[in-house]
Every structure is written in structure tokens, then in C-alpha cells.
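Scroll down for the structure; my scribbles are underneath it.
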Protein chains: 2
Amino acid sequence: MVARRGRRNGAEVPFDADNAPTAEMPAVTDADPVVRAKSIPEAAVARLAVYLRVLSAMAEQGSTTVASEELAAAAGVNSAKLRKDLSYLGSYGTRGVGYDVQVLVGQIERTLGLTRQHKVAVVGIGNLGHALANYGGFPGRGFPVEALFDVDADLMGVPVGGIPVSHLDDIPKVCAERGISIGVIATPPTAAQSVCDRLVAGGVQCILNFAPVVLQVPEHIEVRKVDLAVELQILSFHVARRADETKGSHPVGNGMVVR
Amino acid sequence: MVARRGRRNGAEVPFDADNAPTAEMPAVTDADPVVRAKSIPEAAVARLAVYLRVLSAMAEQGSTTVASEELAAAAGVNSAKLRKDLSYLGSYGTRGVGYDVQVLVGQIERTLGLTRQHKVAVVGIGNLGHALANYGGFPGRGFPVEALFDVDADLMGVPVGGIPVSHLDDIPKVCAERGISIGVIATPPTAAQSVCDRLVAGGVQCILNFAPVVLQVPEHIEVRKVDLAVELQILSFHVARRADETKGSHPVGNGMVVR
DNA sequence: ACATGTGAAATGGTTCACAGCT
DNA sequence: AGCTGTGAACCATTTCACATGT
């Protein structure tokens, strides 16, 4: 049987062709909100979000400029990496001085597409879904929760965090009507794939999946997974590895049986 | 022996052969226990957890053997990567045939350190903490929640998911007493660092952090972060990038294929 | 025939270290 | 004098492709 190649998240797009040797003059139109997302490494994108939070906190504290060394420490990365990451945005620092906090916040927001709103739908109003719905417009505006879904008849119409719960069957219709762009799946694993399909049918472009299943989606859909069990198991691995290492005092720990 | 899997996806309850010393993996134990665990790439570890879940589901459905192609499709990766990942465990496949599901489950469990228990403490019993506490022994036993903490006086002593809530101040003492090895932080960001410090003082080795802050920890502590805002912002980035691409800037015959 | 296991190549990401600007 | 921006070295991970074993 020919397994239908399932692609999941991590859709790394080709493109690039930039980085011409010594040719440095993209002459990027500043005010141009588009034309930017050239080829920022996936890994760097995740860190930009972290820098943004740290910078926002600094701005609140009154900082106006910050050096790569300082920002890096606060974000938990080394300064070379931070500078490299910021360089993907363009050159917004001042040599000998550092970066202007406000400018950086603005540039990162623009790059991450935070200048527009992304309406969110949460599916599965159990413990987790409830927590998510009450998060109320996730990270300070920008991600308003505009639709909630569940199967439980008792929840229909009941407002959670201000939004009335609708039925799973209405996902396509409601998502399309409200222009939902991000769907959050917080259902039991058995329902996840079907919910995913309906979200896609409703025009959702991205999915944040909390259910422990590997979703199959069309390739234009971006999926990110948050998996508690996987996280714990990774930690478990490290605990085990550490315990084993402790058994040996030399390079290649050669302890014996696992306990 | 043949682990009787929990139930269906009801909770993705995987494995854990209670005490494995007697089951299908004792023979291997004296061969080369965990020495190899030293060199498994971090990225592969995360995927092993996924394979494990898929394999558990397959075992429940009665599959006894599986080919890399099939398992890869179910796990959402390509077969070459899957085989490479499994090769880090040792050679447990049969050329021309595939892998024995049970054997693989056993080997992955052993490698991830799932043959021992990892007691978990959840700090911050708000919406999220509540959801986590009720998860009840996370991935089907193996990660029993044995302590809960919060600051709210009204919660002291109140049992949540069977465990009474203690005060944050008692984190070091209680964690040490109960032998907690994994701490889960589900508090507001302002409290996170202080909670983290107390968990470390209490002897926990790993921390799973849901609070949107970069924790500072001694280097022997393993920290993993689950950050909702970051996940959403990454998705936002992709939505924006896609929107920009659509604006069609270069009629390159490049199309927009991913892959 | 068929599917694993694995060197080797390719790709992606990180760190170094220093030229270049303020 | 100080700090950014970035080629180039370096390391990690993925993919290729085929020898190997059943």
C-alpha cells in the first residue's frame, strides 16, 4: 500500500536566492509591510517571538535602547545568535550603541505579521479548552478568540469567556463567516482529525494542535503541535541519561543495567 | 509480558509495562543498556515519543509487525528519518520484514526512561493548572502527579484530581519529601522564576514551563518551555508570509511547491 | 524480492571572530 | 572604544542511495 505521504507542519519554503556574496543592498522599501519575509530560518522565527516579549517588558520599564549582549541574556540565548536573528529583519541597530527598543519591537511585530489580527477558534471546551478560551485574546490583543466549539449539548450557546459555544458540526460555517484564521484543537485525540478537517473546510489556515495525534492536512495548512506527553517523555529521557552518566566517572559512561 | 495497552485513544494512554524487568526487554538489558542513549540527537528523542504513541495504537489494533514506510507515514515523517531514528536504539528490525511492534515499544520506553516513574508536581492551580492536574497521571501512568501548589489561601488543602493543594512556600519541603522529579509551572509569569527556584531547591531535576518567561536555572536542570504566545506568533508569521507570497512578486516558474 | 541499517552528501543552524560604522 | 552585522568555520540533522541480510 502506498502510504500517502503525509506532510505535517514545518513547511519550510524554498526561495531565498538572496545572500549574494558581498552584494549587500536589498534596498528594501522600509514602509513596505510586505516584501520582507524572505528567508528567515524557522528556528529564528520562534526566537523572535521571545525577543519581542523581552523587549516589550524592557519598554515598559522605560528602556529605550538595548545592546545585543543584554537582550541576549534576558532571552536566554548568546549574543551572536541574537544578532544574527535580528539581522534577518534588516539593519536596525546602531554600531557602538545597540538597538532602539521601540524600533525593534515594531520590526519584529511586522515580521511576525502581528500588525494584523488573527481570529482564533478554540475547539473542545474541556479543561484545557476552557483555560484557552479564558486566556481571552491570547497574547495581548492580536489573537482574539472569536469562536468556540464542542460536542456537548449542555454547552451549546453557553458563553465562555464571552463567546457562546457552537457545535462541532458548525465549524465550517462559523469559521468561514467569522473569518477565523487560526484553529486551536483541544479535543480528545479521537476527535482531532475530524475537527481538523472541518477547520480546514472552514478556511482556517493554521492549526495549533493540543491533541496527541499526528494530523493529516493539505499542504497549504500550517500545523503546530503542543504535546504534553512528548514533553514529559523528553524530560524523562534526560533524567534517565543523567542517572546513567552518574554511574560512570569516565567519558563513556558504561554503567550497567538501568537501575 | 505483552503489555495490555490501556484503552483506545481515549487518552492516548501508552505503554508502561508497570515494571519492565520481567517483560520483553530483559535480555537486551545486559547487552548494552543505556550507553548508547548518550548519543541520540535531541531531535530524534522528541520523535521517538511520537513513534511510541503510534506504535502503542498499532499494538492495540493488533499489529505485530510494521515496516518503516508505514510507521513513518503514521508518524508524519519520512521513512529514512524514521529508520535513522530507530537505529539509535540498536538494530531491532528484520530486513525484508520490518519491526516487531512490541519490541520497538519496549526499546523506546527503555530509551526514554519510561521504565521508571517520574513524580510530577504542578504549580499554579488556575485554569491551566487545573487542566493539568486533572490530566491525572499524565501519559497513562509513568508520570503521576503527586503534589499541587498555589498561593491562593482558599485552595489550601482542597483536593484537585485527588491531591490536596499546598502552599508555594512549601514547595522545597514537599517536593523533597515526595521525591518529585518533574515540576510543571503553570503560574502567572511574575511568579514563575521564584517558583522555579523553589522547585530546584526541592530537588526537582526537570521543569516544564508554561509561563511566558525565560527561566534562569542552574545548568544541571533541564527546562522545556511550552509557550502559547510563541506558537501563535509563529503561525502568524506563516500566515503573513503566505499572504505576501500570494501577492506574486516574481513570476518564477518556481510555483509555490513546498517540499 | 524486500526492507533495514548506515556511510556519505546535502542541508540547516550555530558560533566564531573581526571588519566596519558610530 | 564599543557594538553591530556578517562571512566563514563549525556542528547538527536530514536525506540519499545502496550494501546487507532475511
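Basis for what follows: all heavy atoms, side chains included, without hydrogens, waters or symmetry-related copies. By convention in this document, chain letters (A, B, ...) are assigned in the order of the sequence lines, proteins followed by strands, and residues within each chain are numbered from 1.
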By side-chain hydrogen bond (donor to acceptor under 3.5 Å, both in side chains), A/Glu70 pairs with (sequence neighbours left out) none
Would you say D/dG5 has OP1 or OP2 under 4.0 Å from some side-chain N or O of A/Tyr99?
yes
Can you check the A/Glu69 CD to D/dG5 P distance for me, whole Å?
14 Å
Rounded to the Å, how far apart are A/Gln107 CD and D/dT4 P?
16 Å
What residues, two or more places apart in sequence or in another chain, satisfy side-chain hydrogen bond (donor to acceptor under 3.5 Å, both in side chains) together with A/Arg95?
none
Taking side-chain hydrogen bond (donor to acceptor under 3.5 Å, both in side chains) as the test, write out the residues that go with B/Asp197, two or more places apart.
B/Gln193
Quick one: B/Leu71 CG to C/dA3 P, roughly how many Å, whole number?
14 Å
Starting at CG of B/Leu89 and ending at P of C/dG5, how long is that distance when rounded to a whole Å?
10 Å
Atom CG of B/Leu104 to atom P of C/dA3: distance rounded to whole Å?
16 Å
Once base and sugar-phosphate atoms are separated, protein heavy atoms under 4.0 Å mark nucleotides 15-22 of chain C, 5' to 3', with B, S and - as BBB-BBBB
Could you pull out all residues at least two apart from A/Ala72 that satisfy side chain to side chain contact (heavy atoms under 4.5 Å, CB included)?
A/Val77, A/Ser79, A/Leu82
B/Asp227: which of A/Arg47, A/Arg53, A/Arg224 passes salt bridge (Lys or Arg N to Asp or Glu O under 4.0 Å):
A/Arg53
Rounded to whole Å, how long is the line connecting atom CD of A/Glu42 with atom C1' of C/dT14?
16 Å
Specify the separation, in whole Å, of atom CG of B/Asp85 and atom P of C/dG5.
12 Å
Over how many whole Å does the gap from B/Ile40 atom CD1 to C/dT6 atom P extend?
13 Å
So, is A/Tyr92 close to the D/dC3 phosphate, meaning a side-chain N or O under 4.0 Å from OP1 or OP2?
no
By side-chain hydrogen bond (donor to acceptor under 3.5 Å, both in side chains) - contacts of B/Ser236 (at least two apart)
A/His118
